S.K.: 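Mind having a look at this structure? Questions to follow.
Numbering starts at 1 and runs along the sequence shown. On a predicted model such as this, the values are computed, not experimentally measured, just so you know.
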Amino acid sequence: MPAPTSPAALYRHSLRLLLDKDIPAWVALWAEDGLMEFPFAPEGWPRRLEGKEAVAAYMRHYPDHIDLRDFPDLWIHQTTDPQTIVAEMRGTGRLVKNDAPFDMAYVAVVTVRDGRIASYRDYWNPLAVQEPGADFAASSR
């Protein structure tokens with residue numbers, strides 16, 4: 001079954017894949033030249049990932065560190081560009097290493113091109129990675 005192509009539907013589908021811990025399917029939603037940016041990334045964390053392979057490498061070990069279980073709050077806003085959405089959400093779950101709660105608020109600006117994620121700017125709270133077990137990107141830095 002093909003992935004949805006409208007930006008909002010594709011984004012909702014991507015969240016379902018993250019909850020299912022299906023990182024390869026999540027990465028498959030990306031354009032080959034997709035760009036992922038983290039404007040608030042703390043020192044030592046990547047701020048820009050260029051290309052699908054870089055996104056795949058960054059996300060590869062995510063489920064080994066964060067057991068994402070729900071997105072209890074999700075609002076998707078349309079923009080003047082029909083291919084771009086702004087998503088406000090909260091992700092909840094557990095940190096695998098120590099079973100501590102995980103609760104993170106995000107704002108993402110996502111642009112879809114030809115049914116694939118072309119650009120994803122992820123505005124997340126950098127203070128959250130100070131929690132033991134939250135450093136899922138350590139192996140790729």
Side-chain angles (χ1 to χ4, degrees), residues 1-79 81-141:
M1 179 174 180
T5 57
S6 80
L10 184 68
Y11 193 73
R12 281 187 180 90
H13 179 65
S14 77
L15 295 180
R16 178 76 255 156
L17 293 172
L18 288 176
L19 291 175
D20 292 343
K21 296 159 186 49
D22 191 346
I23 301 305
W26 185 83
V27 170
L29 300 177
W30 283 75
E32 289 299 323
D33 62 347
L35 175 65
M36 190 170 202
E37 297 176 283
F38 306 95
F40 297 144
E43 186 66 35
W45 279 68
R47 293 184 184 256
R48 183 180 176 97
L49 303 171
E50 296 184 37
K52 186 182 210 174
E53 291 305 314
V55 171
Y58 176 78
M59 291 295 291
R60 183 168 291 120
H61 299 289
Y62 185 89
D64 298 332
H65 298 273
I66 299 174
D67 177 14
L68 198 55
R69 296 183 180 172
D70 196 12
F71 290 102
D73 304 311
L74 173 64
W75 300 274
I76 296 179
H77 308 280
Q78 299 302 136
T79 69
D81 176 350
Q83 297 305 306
T84 300
I85 59 168
V86 175
E88 296 178 80
M89 64 182 171
R90 195 172 125 237
T92 61
R94 310 289 300 164
L95 296 176
V96 173
K97 182 176 184 176
N98 58 13
D99 201 37
F102 176 81
D103 193 333
M104 173 86 77
Y106 302 86
V107 172
V109 179
V110 181
T111 300
V112 173
R113 182 182 68 240
D114 300 325
R116 298 281 181 237
I117 299 170
S119 174
Y120 191 120
R121 279 191 315 279
D122 193 357
Y123 296 90
W124 54 276
N125 179 0
L127 297 176
V129 298
Q130 295 176 355
E131 295 295 320
D135 191 3
F136 73 90
S139 62
S140 63
R141 288 186 285 157

S.K.: State, yes or no, whether a side-chain contact exists between Val112 and Tyr11 at a heavy-atom distance under 4.5 Å.
M.R.: no
S.K.: Where do Ala118 and Ala31 come nearest, in terms of heavy atoms and distance?
M.R.: CA-CB, 4.3 Å
S.K.: So if I apply the ring pair (Phe, Tyr, Trp, His ring centres under 6.0 Å) rule between Phe40 and each of Trp124, Trp45, Tyr123, which one comes out positive?
M.R.: Tyr123
S.K.: If I compare all heavy atoms of Gly91 with all of Tyr106, which pair ends up nearest, and what's the gap?
M.R.: N-CE1, 4.0 Å
S.K.: If you round to the nearest 0.5 Å, how far is OG1 of Thr92 from CG of Asp70?
M.R.: 4.5 Å
S.K.: Any side-chain heavy-atom pair from Pro101 and Arg94 closer than 4.5 angstrom?
M.R.: yes
S.K.: Any side-chain heavy atom of Ile85 within less than 4.5 Å of one from Gln78?
M.R.: yes
S.K.: Looking at CD of Gln83 and CG of Leu10, how far apart are the two atoms once the value is rounded to the nearest 0.5 Å?
M.R.: 10.0 Å
S.K.: Kindly compute the distance separating CG (Leu49) from OH (Tyr58), expressed to the nearest 0.5 Å.
M.R.: 7.0 Å
S.K.: Nearest 0.5 angstrom please: Asp22 CG to Ser14 OG, how far?
M.R.: 12.0 Å
S.K.: Does a side-chain heavy-atom distance below 4.5 Å link Val110 with Pro7?
M.R.: no
S.K.: Checking side chain to side chain contact (heavy atoms under 4.5 Å, CB included) for the pair Met59/Leu18: CA distance, chi angles, key distance, verdict?
M.R.: CA-CA 10 Å; Met59 291 295 291; Leu18 288 176; 3.8 Å; yes
S.K.: Between Arg90 and Asp103, is a side chain to side chain contact (heavy atoms under 4.5 Å, CB included) present by the stated rule, with each step listed?
M.R.: CA-CA 7 Å; Arg90 195 172 125 237; Asp103 193 333; 2.8 Å; yes
S.K.: With the threshold set at 4.0 Å, does a side-chain nitrogen-carboxylate oxygen contact exist between Lys21 and Asp67?
M.R.: yes
S.K.: Go through Arg12 and Ile76 one step at a time and tell me if the side chain to side chain contact (heavy atoms under 4.5 Å, CB included) criterion holds.
M.R.: CA-CA 9 Å; Arg12 281 187 180 90; Ile76 296 179; 3.7 Å; yes
S.K.: Do Met89 and Leu15 make a side-chain contact, defined as non-hydrogen atoms from C-beta onward lying under 4.5 Å apart?
M.R.: yes
S.K.: Identify the heavy atoms of His61 and His65 that sit nearest to each other, and give their distance.
M.R.: O-CD2, 3.1 Å
S.K.: If I compare all heavy atoms of Ala41 with all of Pro46, which pair ends up nearest, and what's the gap?
M.R.: CB-O, 3.4 Å
S.K.: Would you call Asp33 and Arg113 a side-chain contact if the rule is heavy atoms closer than 4.5 Å?
M.R.: yes
S.K.: In the structure I gave you, are the side-chain heavy atoms of Val107 and Glu88 within less than 4.5 Å of one another anywhere?
M.R.: yes
S.K.: Report, as yes or no, whether the 6.0 Å neighbourhood of atom CG on Asp81 holds more than 12 heavy atoms from other residues, nucleotides or ligands.
M.R.: yes
S.K.: If you look at every heavy atom in Trp30 and Leu35, which pair is closest and at what distance?
M.R.: CZ3-O, 3.7 Å
S.K.: Just wondering, do Ile66 and Val96 contact through their side chains at under 4.5 Å, heavy atoms?
M.R.: no
S.K.: Would you confirm whether Thr79, through its side chain, and Thr84, through its main-chain N or O, come within 3.5 Å as a donor-acceptor pair?
M.R.: yes
